[in-house]
Amino acid sequence: RSSDLIAEVGIQKAGHDVILKDTSSKALGRGMDQISKNFAKRVKKRQLTSFERDKLMARLYPQIDYNGFHTVDMVIEAVFEDLEIKHKVVKEIEQHIPDTCVFASNTSALPISKIAEASRRPEKVVGMHYFSPVDKMPLLEIITTDKTSNETAAAAVSVGLKQGKTVIVVRDGPGFYTTRILSPLMAEIVRLLQEGLDPKELDRLSKQFGFPVGFATLADEVGIDVAAHVAEDLSKAFGNRVAGSDVGLLKELVASGFTGRKAGRGIFVYSGKKGGNREINSAAGEILKRYAIAPKKPHVAEDVQMRLVSRFVNEAVLCLQEEILRSPTDGDIGAIFGLGFPPFLGGPFRFVDSYGAGNLVKKIQEYQSTYGDHFQVAPMLEEYAKTARKFYN
């Protein structure tokens, strides 16, 4: 779980003393067992000595109550993505922490300003979006609201850097930056599957473009349930921009228990063995057939790749236009280190510069006329195309 791995990087990389709080002894035991197993693997690989492991574990204080919370400098909560639960946790924790304590929420999509509504000290509330698995993924996306103080943001950045993370700071909004740009891409992935594109071919084409994980596999890795939840939430905020596919397909996959790798079955079947060719989940394939739509054009490799990438990149430009991002550099770092955008392409903004804003605008307009208004050029991208501007000089 994310909470356990956040605690792990806190004690191991940042050298902090960490209280790991959970709601039950059973859940706490699972978390401690996971951290202990991870350290045991490091000892086996001679990356840690047994003595160093014991010293690290001594920094961890597992408990089911709020004992000692009156001395903490920061709380990072990682409860389920539900606003009511988040509000309950904020109110409960604020009864036990000092006024100087920073409250950070690890959420991938819920607006931090909404979470902060339950706080009596909104200036101390910040988002810290960790990427899964926390101990391996390098990016930390820090989200500030209009009320987050500079001191709070600086504290979050400092903790992230000590944990060994590559940090970007973005402004609050639905989906922030990374989840927001992933959502139209995910919608197009589902659309292509509905059009009958073989999941293995989709994986092959996305990896051929330079992504480390194939896009059908990515849906399983993210979790079909998470993808469905985020798609519904962001469609309320962005409408057509995250449309193009049927979220009912995702819901039916979830209802059938096909939530992805964590369940052993999603679009693919996961046997537990590493490597090798995974089999397509035939039962999921039957569900896909019920949501089938006729492709409007043949599935040519470059065309499929550009349908996917253009939606991703276009949304990144909108994030810069709306000042969710502070700079193109932050956008490129976030996309590469958080979402696996091909590093050799430099990120979405470097990609626009090399591909040409004008060329990309023509592509998106062509797709809009063929597939509909979920392809719509970002005004900033259109402006850069007209004036031949680049994001980097």
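From a predicted model like this one, the values you see are computed outputs, not experimental measurements. Start at 1 with the first residue, then count along the sequence. For the numbers below, each heavy atom of this structure counts, side chains included, while hydrogens, waters and symmetry mates do not.
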task: Tell me whether the centres of the aromatic rings in Phe69 and His96 are closer together than 6.0 Å.
output: no
field: Whether over 12 other heavy atoms sit under 6.0 Å from Asp146 CG
entry: no
field: Donor-acceptor pair between Asp373 and Gln368 side chains, under 3.5 angstrom
entry: yes
- prompt: Going by distance alone, is a donor N or O of one side chain under 3.5 Å from an acceptor N or O of the other, for Ser113 and Asp172?
  reply: yes
query: For Leu60 and Ile35, what are the C-alpha separation, side-chain angles and deciding distance, and is it a side-chain contact (heavy atoms from CB on, under 4.5 Å)?
result: CA-CA 10 Å; Leu60 192 60; Ile35 295 167; 3.7 Å; yes
field: Short side-chain donor-acceptor distance under 3.5 Å, Ser119 and Glu94
entry: yes
message: Regarding Arg171 and Glu323, does a basic nitrogen lie under 4.0 Å from an acidic carboxylate oxygen?
response: no
Side-chain ion pair, Asp220 and Arg261, N-O less than 4.0 Å: no
field: Given Glu366, Glu302, Glu195, the one that forms salt bridge (Lys or Arg N to Asp or Glu O under 4.0 Å) with Arg307
entry: Glu195
- prompt: Does a side-chain N-to-carboxylate-O contact under 4.0 Å join Glu383 and Arg389?
  reply: no
- prompt: Should we say atom NZ of Lys114 is surrounded by more than 12 heavy atoms from elsewhere, each under 6.0 Å from it?
  reply: no
task: Treating Ile, Leu, Val, Met, Phe, Trp and Tyr as nodes and any side-chain heavy-atom pair under 4.5 angstrom as an edge, say whether Leu140 and Phe103 lie in one connected cluster.
output: no
- prompt: With hydrophobic residues grouped by side-chain heavy-atom distances under 4.5 Å, do Val170 and Phe391 end up in a single group?
  reply: yes
field: Rounded distance (nearest 0.5 Å) linking atom OH of Tyr355 with atom NZ of Lys363
entry: 5.0 Å
query: Do Glu8 and Asn38 meet the criterion of a side-chain donor-acceptor pair at a distance under 3.5 Å?
result: yes
- request: Indicate, with yes or no, if Ile85 and Leu110 share a hydrophobic cluster defined by side-chain heavy-atom contacts under 4.5 Å among Ile, Leu, Val, Met, Phe, Trp and Tyr.
  value: yes
- request: Please determine if Lys262 and Asp225 form a salt bridge, counting it only when a charged side-chain N lies under 4.0 Å from a carboxylate O.
  value: yes
query: Going only through I, L, V, M, F, W and Y residues with side-chain contacts under 4.5 Å, is there a path from Ile11 to Met74?
result: no
message: Looking at Lys251 and Glu232, is there a salt bridge between them, counting it only when a charged N and a carboxylate O are closer than 4.0 Å?
response: yes
task: Please confirm whether Phe341 and Phe211 have ring centers closer than 6.0 angstrom.
output: yes
- request: Please report the shortest heavy-atom distance between Leu234 and Thr179, naming the atom on each side.
  value: CD1-O, 4.1 Å
- request: Give the minimum heavy-atom separation between Glu81 and Thr107, together with the two atoms involved.
  value: OE1-OG1, 2.7 Å
- prompt: Above 12 or not: heavy atoms from other molecules or residues under 6.0 Å from CZ of Phe51?
  reply: no
query: Can you tell me if Glu141 and Tyr130 form a side-chain donor-acceptor pair at under 3.5 Å?
result: no
query: Does NZ in Lys55 sit with more than 12 non-hydrogen atoms of other residues, nucleotides or ligands closer than 6.0 Å?
result: no
message: Is it true that Tyr66 and Gln95 share a donor-acceptor pair across their side chains at a distance under 3.5 Å?
response: no
Cluster check Phe312, Met380: I/L/V/M/F/W/Y, side chain < 4.5 angstrom: yes
query: Can we say Lys13 and Asp135 salt-bridge, meaning some charged N sits less than 4.0 Å from an Asp/Glu carboxylate O?
result: no
query: Does the distance from a Lys or Arg side-chain N to an Asp or Glu carboxylate O, for Lys86 and Asp82, drop under 4.0 Å?
result: no
task: Mark yes or no: Arg350 above the aromatic ring of Tyr392, with NZ or CZ under 6.0 Å from the six-membered ring centre and no more than 45 degrees from the axis.
output: yes
- request: Kindly determine whether Val190 and Asp246 satisfy side-chain contact (heavy atoms from CB on, under 4.5 Å), including the steps that lead there.
  value: CA-CA 8 Å; Val190 175; Asp246 192 334; 6.0 Å; no
Test item: side-chain donor near acceptor, Asp303 and Tyr367, under 3.5 Å: yes
Pair Asp203-Thr217, side-chain donor/acceptor within less than 3.5 Å: yes
- prompt: More than 12 non-hydrogen atoms from neighbouring residues, nucleotides or ligands closer than 6.0 Å to CZ on Arg46, yes or no?
  reply: no
- prompt: Is the closest basic N to carboxylate O distance between Glu188 and Arg191 below 4.0 Å?
  reply: no
message: Tell me whether the NZ or CZ atom of Arg278 lies within the 45° cone about the ring axis of Tyr270 and under 6.0 Å from its centre.
response: no
field: From Ser256 atom OG to Glu252 atom CD, the distance as rounded to the nearest 0.5 Å
entry: 5.5 Å
